[in-house]
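Values below: every heavy atom of this structure, side chains too, minus hydrogens, waters and symmetry copies. Starting from 1, each residue takes its place in the sequence as its number. Small disclaimer: the values here were computed from a predicted structure and weren't measured.
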Amino acid sequence: MFARLKTLPLVSPAILYLFFAALMGMACILLTPPGQVPDERNHFARITQISQGGIVGFKKGTREAGGYLAENFPSELELLGDLHSNTAMKMPMTEFLALSERRWADQRSWFSFPNTVIYAPVTYLPAAFVTWIGRHAHFRIIDTLYLVRLANMASMLALCALGIALARRGTLLLIVLSSLPMALALGGSCSQDGVLIGLSVLTAALITRFDRDNPGGIRAWVGIGILFGILTISKPPLLLCSLVPLGLSLPNARLVRGIPFACSVAAFEIWNRLALKPTKIEFTDRTGVSDSGQIAWILSHPFDLPGLAVRSLRSNLGHTIHEFFGVLGWLDIVLPHGYYRLIYLAVVLAVAVSLLPGLRERAALQSLTSVSVTILAMLLAVGAVYFSIYVIWTPVGAPVVDGIQGRYFLPIAPFLVVAFPRAARAGQIGASRLMHQGIMAVTALFLAADTLALTCVLAARYW
């Protein structure tokens with residue numbers, strides 16, 4: 001059997017990923033009813049606004065921010081809102097068929113979607129394009145929503161597959177991260193997060209190609225800087241991931257390593273002045289929540305922050321990790337317990353395999369400075385996520401950060417591969433052809449189990 005593996009054509013990691021991820025993506029698109037992914041309606045509203053040419057949204061007073069959309073645009077409740085508040089409820093076909101009758105109206109009315117109107121349009125562009133087609137062709141609104149899901153999934157898969165194909169470090173870990181049920185569920189929705197994860201995978205993969213022998217020219221680093229700029233204006237905590245290149249040991253390229261960080265800071269400042277400040281409102285009416293009040297409390301209680309961090313991690317770390325792997329729907333569909341164990345095992349094995357080149361060849365190891373800077377940048381980005389949620393979602397002075405979800409960290413995770421040793425051959429995982437084929441066979445089994453679990457869980461919940 002092993003001899004047979006050796007004679008088979010070399011299995012491409014990107015093609016293997018693409019095959020199974022496409023199956024999982026279609027399961028997410030078709031089995032998940034409309035509106036059953038966190039904030040999907042508000043993401044769809046932002047997409048519609050961009051398709052109308054609305055790059056920057058509007059603010060009405062201190063409690064509403066959004067824009068003018070087709071007057072029959074569905075509300076949160078109309079987009080099968082009862083389904084996510086009742087875990088025993090199956091797909092309500094009567095409501096779905098009634099919703100399916102709506103076509104895009106020409107008249108417009110005001111709609112508020114404050115948590116998505118602040119997002120930059122770049123990661124929404126594929127979805128906005130198909131929505132533009134749907135509106136002008138007078139498609140049914142629900143058909144347009146499914147086209148948006150398809151466009152987002154295709155974009156995510158293309159970006160992830162390209163990143164996996166280009167990566168020279170941690171390729172197997174990128175496959176595991178890109179195939180997580182949570183990542184694919186987001187990719188198969190109207191959320192920008194799937195495209196954002198794909199961009200993170202591609203950006204991290206491109207960075208892994210730079211080393212002492214190939215430090216990269218100015219144009220290459222400007223391209224990386226543009227990618228980081230897009231990531232930053234899509235999710236501001238990702239600005240801190242642009243610090244990762246600063247740790248690389250690249251001869252005669254010390255200044256160009258700072259281009260990504262400079263681009264990220266410039267992009268954030270431009271988008272902050274152009275769109276964030278004019279449209280930002282407090283996201284919740286919950287008693288005790290105040291952005292300015294929370295910042296004032298932090299500044300007056302700086303020595304309470306370590307305790308806050310420890311309590312927050314103790315209270316929700318386990319659940320946050322499970323959400324990172326996959327708690328689907330409106331975070332109400334928990335996967336089988338054994339499946340989470342399988343993902344833990346897959347992550348551990350992927351890390352171990354990614355470290356093997358460094359054991360065989362010391363020159364393949366990343367420098368200690370690069371490893372340290374990469375881990376520090378990722379920790380700072382994670383801290384920025386916690387800080388932002390504490391400010392915008394948690395009551396002033398609360399003892400723990402409230403509202404943290406595992407999906408927030410998915411775009412940060414791919415940058416860990418920069419710290420791994422360099423693979424001996426491009427496109428090959430493992431030192432030998434036989435080892436590569438064996439790893440790909442095991443990976444195929446994991447992805448098959450991934451596909452089966454995801455499909456069965458979604459079908460059982462909604463159908």
Side-chain angles (χ1 to χ4, degrees), residues 35 37-43 45-46 57 59-66 75-77 81 84-87 111-119 182 186 191-193 234-240 268 272 275-324 327 329-332 334 379-412:
V37 178
D39 302 318
E40 184 169 37
R41 181 265 183 187
N42 283 5
H43 283 292
R46 177 60 174 149
K59 181 164 64 175
K60 271 191 172 184
T62 60
R63 291 299 177 188
E64 290 191 8
S75 66
E76 188 82 57
L77 185 61
H84 67 76
S85 60
N86 184 355
T87 56
F111 289 87
S112 183
F113 39 99
N115 61 326
T116 59
V117 72
I118 60 174
Y119 290 146
M182 191 76 251
L186 293 170
S191 171
Q192 64 164 349
D193 288 350
S234 300
K235 293 286 184 180
L238 293 176
L239 182 152
L240 292 161
F268 175 77
N272 184 46
L276 284 180
K277 286 184 177 179
T279 58
K280 174 71 173 68
I281 64 170
E282 292 188 359
F283 291 154
T284 176
D285 294 326
R286 295 167 57 198
T287 303
V289 176
S290 168
D291 296 6
S292 58
Q294 193 72 284
I295 292 174
W297 184 90
I298 291 171
L299 293 175
S300 60
H301 299 80
F303 298 109
D304 290 346
L305 296 183
L308 171 67
V310 171
R311 288 191 299 272
S312 298
L313 290 174
R314 282 180 177 174
S315 65
N316 57 29
L317 180 60
H319 186 66
T320 300
I321 293 174
H322 279 190
E323 286 184 339
F324 178 88
V327 177
W330 264 91
L331 307 182
D332 60 350
V334 179
L379 290 175
L380 289 174
V382 169
V385 171
Y386 272 90
F387 177 83
S388 63
I389 297 300
Y390 192 64
V391 169
I392 67 177
W393 197 256
T394 309
V396 174
V400 297
V401 180
D402 188 19
I404 284 291
Q405 297 176 20
R407 62 191 176 100
Y408 299 154
F409 307 104
L410 285 168
I412 300 173

In terms of heavy-atom contacts, F111 and R41 come closest through CD2-NH2, 3.3 Å

In this structure, CH2 of W297 is separated from OG1 of T394 (nearest 0.5 Å) by 10.5 Å

Value for CG (D39) from CG (N115), rounded to nearest 0.5 Å, stands at 4.5 Å

**Prompt:** Judged by atom type as modelled, is there a donor-acceptor pair below 3.5 Å linking the side chain of S191 to the main-chain atoms of L186?
**Reply:** no

R46 meets the side chain to side chain donor-acceptor pair (under 3.5 Å) criterion, sequence neighbours left out, with Q49

Residues I281 and A65: closest non-hydrogen pair is CD1-N, 3.9 Å

Next on the checklist: Between Y119 and F113, is the ring centroid distance below 6.0 Å?
Outcome noted: no

Nearest heavy-atom approach of S112 to N42 is O-OD1, 4.4 Å

Here the gap from K59 atom NZ to K277 atom NZ, rounded to the nearest 0.5 Å, amounts to 11.0 Å

Looking at G57, is its backbone amide N or carbonyl O close enough to the side chain of T279 to form a donor-acceptor pair, meaning the two atoms are under 3.5 Å apart? no

**Prompt:** Quick one: are H43 and Q192 in side-chain contact, heavy atoms under 4.5 Å?
**Reply:** yes

Output for pair (Q405 CD, L410 CG), nearest 0.5 Å, gives 11.0 Å

Indicate yes or no: does D402 engage R311 in a salt bridge with an N to O separation below 4.0 Å. no

Report task. Give a yes or no on whether the backbone of V401 and the side-chain of S312 come within a donor-acceptor separation of less than 3.5 Å. Result -> yes

Worksheet item: Do the side chain of Q294 and the main chain of V289 share a donor and acceptor less than 3.5 angstrom apart?
Response: no

| query | Can you find a heavy atom in the side chain of T320 that is under 4.5 Å from one in the side chain of F324? | reply | no

Rounded to the nearest 0.5 angstrom, the CD1-OG distance for I118 and S234 is 11.0 Å

When every non-hydrogen atom of P237 is compared with those of A381, the smallest separation belongs to O-CB, 3.6 Å

Separation between CD1 (I404) and OG (S388), nearest 0.5 Å, reads 6.5 Å

